[in-house]
Amino acid sequence: MTTAVLVVLAVPVAVLALVAVLTGFGEYRRTSNPVLALLAVPCFPLFWVAWYVRDDIGRTAR
């Protein structure tokens with residue numbers, strides 16, 4: 001494998017890792033629960049859905 005191929009493969013992985021870590025920070029900010037924040041890192045798409053549903057239900061209840 002050449003260096004260019006490795007870079008092309010590594011960039012999406014790095015972007016996903018960054019998004020996952022930022023999701024963990026966001027969950028900690030929302031809940032102040034470190035366990036949920038750590039769980040949010042590997043499961044970030046599920047937490048995005050949970051945030052969307054929670055925010056959408058909260059908006060319709062007001």
Ring pair (Phe, Tyr, Trp, His ring centres under 6.0 Å) involving Phe44 - partner list, sequence neighbours excluded: Trp48
From Leu36 atom CG to Tyr28 atom OH, the distance as rounded to the nearest 0.5 Å: 11.5 Å
side-chain contact (heavy atoms from CB on, under 4.5 Å) evaluation trace for Trp51 with Thr23: CA-CA 11 Å; Trp51 290 353; Thr23 301; 4.0 Å; yes
Set of side-chain contact (heavy atoms from CB on, under 4.5 Å) partners for Val53, sequence neighbours left out: Val49, Ile57
Contact list for residues 34-53, test salt bridge (charged side-chain N to carboxylate O under 4.0 Å, His left out), sequence neighbours left out: none
Other cluster members, Phe25 - Ile/Leu/Val/Met/Phe/Trp/Tyr, side-chain contacts below 4.5 Å: Leu18, Val21, Leu22
Pairs involving residues 29-47, ordered by first then second residue, that meet salt bridge (charged side-chain N to carboxylate O under 4.0 Å, His left out) (sequence neighbours left out): Arg30-Asp55
Donor-acceptor pairs under 3.5 angstrom involving side-chain atoms of residues 6-16: please list them, not counting sequence neighbours.
none

Sequence-distant partners of Ser32, side-chain contact (heavy atoms from CB on, under 4.5 Å), two or more places apart: none
Ala40 versus Gly24, closest heavy-atom pair with distance: CB-CA, 4.1 Å
For Arg54, salt bridge (Lys or Arg N to Asp or Glu O under 4.0 Å) partners two or more places apart: none
